Amino acid sequence: MTQGIDFSVIAPPAYLEDFVGQEPARVHHVAAQRVLSDEAYRAFFAREAERGAEIIVDNGLFDLGYALPPASLVEAALAVSAREIILPDVMRDGAATLKASEQAAREIRELSGDAFRLCAVLHAADDEEWLRTYDAIVTSGWAGAIALPASRRPDPDGQLCRTRWRATAYLVDRGLVDDLIVYRMLGLGRTGHLEMLEQRQHPWISSVDGAAPVILGAMGIALLPEGPYEKPSTPRIEKLGPIATDRFDLIRKNIAVVRAAAGSTVTIAEEH
């Protein structure tokens, strides 16, 4: 039996109403630094929370190169009625991620009690560290969710720490999926929406976020339902600039392709 994975669209703040609003409102991955610095961005996601969306506040590492401190993450989470905070992480370093996450979890609990589910990102330099880090997160007592980063580079060896679809299959095959943990995916990887055709077979995967359908659509590139997925060099979402209105339909079609691959029936909400 398959179950849809919720897809949270990442778009420039000026285009939230055009591409990001959901019907029905389900899950949004939200940038903490934007919540704190952009009143319109903050108001949009506060409204989505009121409509029933589960708001997940990301720590800023992917965009800023560093994670915001716990007090700022709590401030952002409260501002948009978030249910979950993604804890600070360190790329490709399981031990450093665990240390940063555990310290932040302690500070967040001191500031807000049990107001938020805390999500740890599963980083590792190799498969041995990946397994060790996974076990540490699951047994930590402070993590209610685990996020698996996107696989962004070719990995002919199919390592668990580099190939997300192999990692999820491994967890199932070894009986390591924990029913008390919420599992998420961060970003669309090197195979884009095509990975979702495999991952949707795992009903325990809750959500994934991504900017690719917006960025590619703005560049005039269509996502093909059956592939192939070929992503050229693209700007980061914050560097995308104004999007021509004649590209809006293509962007919306790209978003629909990702959601269909993920098995999600959510559509883009009309302006509200």
Side-chain angles (χ1 to χ4, degrees), residues 8 10 27-37 54-80 82-153 159-164 167-168 171 176 178 180-187 189 205-210 236 238:
S8 171
I10 306 300
V27 176
H28 288 292
H29 290 237
V30 175
Q33 71 276 10
R34 282 284 186 193
V35 171
L36 298 175
S37 65
E54 181 175 18
I55 306 296
I56 304 157
V57 168
D58 205 347
N59 63 47
L61 175 69
F62 186 76
D63 298 318
L64 302 174
Y66 61 89
L68 295 186
S72 296
L73 295 177
V74 170
E75 181 184 354
L78 290 171
V80 290
R83 299 187 200 173
E84 182 173 313
I85 294 174
I86 297 180
L87 296 167
D89 54 314
V90 181
M91 297 286 191
R92 296 195 173 191
D93 192 328
T97 292
L98 282 173
K99 182 178 179 180
S101 293
E102 186 169 13
Q103 174 63 29
R106 184 162 48 249
E107 294 183 36
I108 290 171
R109 291 290 191 238
E110 291 172 354
L111 290 167
S112 61
D114 294 325
F116 308 107
R117 181 192 303 120
L118 302 181
C119 178
V121 184
L122 182 50
H123 286 296
D126 55 41
D127 283 1
E128 182 179 347
E129 183 180 59
W130 190 92
L131 290 166
R132 187 168 60 248
T133 304
Y134 178 79
D135 181 68
I137 292 171
V138 170
T139 60
S140 68
W142 43 260
I146 293 176
L148 305 173
S151 305
R152 300 192 181 279
R153 294 183 178 87
Q159 300 173 87
L160 301 177
C161 62
R162 299 284 178 272
T163 310
R164 187 166 58 187
T168 53
L171 293 178
L176 295 175
D178 191 315
L180 299 179
I181 296 286
V182 176
Y183 292 83
R184 305 194 185 282
M185 297 187 294
L186 298 181
I205 297 177
S206 177
S207 69
V208 64
D209 68 320
R236 293 178 68 89
E238 65 271 16

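Being a predicted model, the structure only gives us computed values, none of them experimental.
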Side-chain contact test, heavy atoms from C-beta onward, threshold under 4.5 Å: evaluate it for [X] versus [Y] and give yes or no.
X      : Y      : value
Phe62  : Pro149 : no
Arg92  : Glu129 : no
Val27  : Arg184 : yes
Leu118 : Glu84  : no
Arg117 : Ile56  : no

Minimum heavy-atom separation for [X] and [Y], please, with both atom names.
X      : Y      : value
Ser206 : Val182 : CB-CG1, 3.9 Å
Arg152 : Gly187 : NH2-CA, 4.1 Å
Val35  : Ala79  : CG1-CB, 3.9 Å
Ala167 : Leu160 : CB-O, 3.5 Å

Can you tell me how far apart [atom1] ([X]) and [atom2] ([Y]) are? Round to the nearest 0.5 Å.
X      : Y      : atom1 : atom2 : value
Arg236 : Asp63  : CZ    : CG    : 5.5 Å
Glu102 : Glu107 : CD    : CD    : 11.5 Å
Leu98  : Asp89  : CG    : CG    : 11.0 Å
Asp58  : Arg34  : CG    : CZ    : 13.5 Å
Leu186 : Cys119 : CG    : SG    : 6.5 Å
Ile146 : Ile205 : CD1   : CD1   : 11.5 Å

Keeping the roles fixed (side chain from [X], backbone from [Y]), state whether a donor-acceptor pair exists under 3.5 Å.
X      : Y      : answer
Ser140 : Ala143 : yes
Asp127 : Cys161 : yes
Ser101 : Leu87  : no
Tyr183 : Leu148 : no
Tyr134 : Leu171 : no

> Does the pair Arg109 and Asp114 meet the rule for a side-chain contact (heavy atoms from CB on, under 4.5 Å), with working shown?
Replying inline: CA-CA 6 Å; Arg109 291 290 191 238; Asp114 294 325; 3.4 Å; yes
> side-chain contact (heavy atoms from CB on, under 4.5 Å) between Val74 and Phe116: does it pass, once the steps are laid out?
Replying inline: CA-CA 9 Å; Val74 170; Phe116 308 107; 4.3 Å; yes
> Which is it for Ile85 and Asn59 under the side-chain contact (heavy atoms from CB on, under 4.5 Å) test, yes or no, and what are the steps along the way?
Replying inline: CA-CA 7 Å; Ile85 294 174; Asn59 63 47; 6.0 Å; no
> Is there a side-chain contact (heavy atoms from CB on, under 4.5 Å) between Thr133 and Thr97 once you walk through the steps?
Replying inline: CA-CA 9 Å; Thr133 304; Thr97 292; 5.7 Å; no
> Considering residues, nucleotides and ligands other than Glu128, do more than 12 of their heavy atoms fall under 6.0 Å from its CD?
Replying inline: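 No, the 6.0 Å shell around CD holds no more than 12 heavy atoms from other groups.
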>> Please determine whether side chain to side chain donor-acceptor pair (under 3.5 Å) holds for the pair Ser151 and Arg164, giving the CA-CA distance in whole Å, both sets of side-chain angles, and the decisive distance to 0.1 Å.
In response: CA-CA 6 Å; Ser151 305; Arg164 187 166 58 187; 5.1 Å; no
>> Applying the side chain to side chain contact (heavy atoms under 4.5 Å, CB included) criterion to Pro88, which one of Leu68, Leu73, Val121, Leu61 satisfies it?
In response: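 Result: among Leu68, Leu73, Val121, Leu61, Leu73 is the only option passing the side chain to side chain contact (heavy atoms under 4.5 Å, CB included) with Pro88.
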